[in-house]
**Q** 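The structure under discussion is supplied below as structure tokens; questions concerning it will follow.
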Amino acid sequence: MFPIGDDNQPNRGPAILTLALVAVNVLVFLYEATLDPQQLQDFVTTYGVIPIEIQRGDDLFTLITSMFVHGGWAHIIGNMLFLWVFGDNIEHRFGGVIFLLFYLGTGLAASAAHILTNQGSTIPSVGASGALSGVLGAYLVLYPQNRVRVFVLRLGVVSVPALLFLGFWFLQQLISGVAALSVDTVQTTGVAVWAHIGGFVAGVALAIPLRLATHDAPA
């Protein structure tokens, strides 16, 4: 299932920061596309999160830079599609500054979960999916009844409650994460699934108090 749209809060205008995050990620990926295979490998190694290096206290800047590096067309398109669909309502609810801090904070939590479950790994992890998972967690808390339009093979476009779509998504991540605890998930599948879980849980946890401190403007 691929999300293609959702219910947007009225009278809010464009989500500038969400658009900016999409733009930065796309620009970085387009730069990656100009590199030859060895240069690309060096780029990912330099700016991706390598658990063993972080455990040594080295290359801590990669905890941020890794959120803007992607490993292929499917990776960048999938992540930016989710951010485009779900990011705007969260940005409008929190405001730009809080949204940016929230996005980066849940991305850091996602990296922490990945490092804890892949201790000693020398494989770089990249992508916005950890921070994006935090956005999904916040969306589940704030807008569980919103309708999400998803494309389903053989069925076309269907509209489902966000609670159902995001709950199913998280259940998939949790099942994959538990099943993969005994293996290096990045090496075997290319997916840092525990980063998704950690980011989502952090998003839920942060959204609960932020829900009380923020509110949607009236229509």
Side-chain angles (χ1 to χ4, degrees), residues 3 6-9 12 15 17-18 21-22 25 49 51 54-55 60 62-68 78-119 125-146 148 160-181 185-186 191-217:
D6 71 327
D7 293 337
N8 289 315
Q9 301 307 304
R12 286 306 191 94
L17 201 46
T18 298
L21 287 169
V22 171
N25 276 281
V49 166
I54 301 299
Q55 289 174 273
L60 297 181
T62 63
L63 293 169
I64 298 296
T65 59
S66 63
M67 300 183 203
F68 300 92
N79 279 350
M80 293 305 100
L81 179 60
F82 270 77
L83 181 56
W84 175 270
V85 170
F86 295 103
D88 55 350
N89 278 339
I90 305 305
E91 178 183 345
H92 285 147
R93 178 67 177 256
F94 291 165
V97 173
I98 294 177
F99 176 70
L100 179 60
L101 294 174
F102 174 88
Y103 183 88
L104 296 176
T106 54
L108 292 174
S111 289
H114 171 66
I115 292 165
L116 286 172
T117 52
N118 291 272
Q119 295 187 35
S125 174
V126 297
S129 55
L132 172 60
S133 297
V135 172
L136 300 184
Y139 199 102
L140 181 67
V141 171
L142 297 171
Y143 305 109
Q145 301 305 318
N146 270 22
V148 178
V160 299
L163 179 63
L164 178 62
F165 178 78
L166 295 175
F168 179 72
W169 179 89
F170 181 68
L171 182 61
Q172 284 183 307
Q173 307 307 309
L174 194 59
I175 291 172
S176 298
V178 171
L181 281 176
T185 56
V186 176
V191 178
V193 66
W194 276 98
H196 299 173
I197 296 169
F200 189 91
V201 171
V204 169
L206 289 173
I208 291 172
L210 286 171
R211 177 178 58 183
L212 301 177
T214 61
H215 63 277
D216 286 314

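Because the structure is a prediction, the values reported are computed rather than measured.
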**Q** Return yes if a side-chain donor-acceptor contact under 3.5 Å exists between Asn25 and Asn79, otherwise no.
**A** no

**Q** OH of Tyr143 to CG of Leu163: how many Å apart, nearest 0.5 Å?
**A**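 The distance works out to 15.5 Å.
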
**Q** Is there side-chain contact between Leu108 and Ile64, with heavy atoms separated by less than 4.5 Å?
**A** yes

**Q** Can you tell me if Asn146 uses its side chain to pair, donor with acceptor, with the backbone of Asp7 under 3.5 Å?
**A** yes

**Q** Got a second to check how far Ser133's OG is from Ile197's CD1, nearest 0.5 Å?
**A** 9.0 Å

**Q** Going by the angle between their ring planes, with limits at 30° and 60°, are Phe102 and Phe99 parallel, tilted or perpendicular?
**A**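 Ring orientation of Phe102 relative to Phe99: parallel.
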
**Q** Could you list the residues that satisfy ring-ring contact (aromatic ring centres under 6.0 Å, His included) with Phe200, not counting sequence neighbours?
**A**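 Phe200 satisfies ring-ring contact (aromatic ring centres under 6.0 Å, His included) with Trp169, Phe170 only.
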
**Q** State whether the side chain of Trp194 and the backbone N or O of Ala113 hold a donor-acceptor pair below 3.5 Å, judged by distance alone.
**A**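 Such a contact is absent between Trp194 side chain and Ala113 backbone.
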
**Q** Quick one: side chain to side chain contact (heavy atoms under 4.5 Å, CB included) partners of Ala112, sequence neighbours excluded?
**A** none

**Q** Determine whether Val135 and Thr106 make a side-chain contact, defined as any pair of heavy atoms from C-beta on separated by less than 4.5 Å.
**A** no

**Q** State the OG-CD1 distance between Ser111 and Ile54, to the nearest 0.5 angstrom.
**A** 8.0 Å

**Q** At their closest point, which heavy atom of Met67 faces which heavy atom of Leu104, and how far apart are they?
**A** CE-O, 3.5 Å

**Q** Test Leu17 against Phe94 for side chain to side chain contact (heavy atoms under 4.5 Å, CB included), laying out the working first.
**A** CA-CA 11 Å; Leu17 201 46; Phe94 291 165; over 6 Å; no

**Q** Are Asn89 and Asp6 side-chain neighbours, meaning at least one heavy-atom pair lies under 4.5 Å?
**A** yes

**Q** Is there a donor in the side chain of His196 and an acceptor in the side chain of Ser129, or the other way round, less than 3.5 Å apart?
**A** yes

**Q** So, taking the atom named CG in Leu136 and the one named CD1 in Ile90, what distance separates them when rounded to the nearest 0.5 Å?
**A** 9.0 Å

**Q** For a quick test of reading the model, state the closest non-hydrogen atom pair linking Pro3 to Val148 and the distance between them.
**A**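 What the structure gives for the nearest pair is CB-CG1, 4.2 Å.
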
**Q** Could you give the distance from CG (Leu21) to CG (Leu83), rounded to the nearest 0.5 Å?
**A** 6.0 Å

**Q** How long is the straight-line distance from CE of Met80 back to OG1 of Thr18, given to the nearest 0.5 Å?
**A**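 If we round to the nearest 0.5 Å, Thr18:OG1 and Met80:CE are 10.5 Å apart.
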
**Q** Return the minimal non-hydrogen interatomic distance between Ala207 and Ala138, and the atom names on each side.
**A**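 Here Ala207 and Ala138 meet closest at CB-CA, 3.6 Å.
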
**Q** Is there a side-chain contact between Leu166 and Phe86, using heavy atoms and a 4.5 Å cut-off?
**A**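 Of all side-chain heavy-atom pairs linking Phe86 with Leu166, at least one is under 4.5 Å.
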
**Q** Under 3.5 Å, is there a donor-acceptor pair between the side chain of His114 and the main chain of Ala110?
**A**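 No; judged by distance alone, with no hydrogens or angles, the pair does not exist.
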
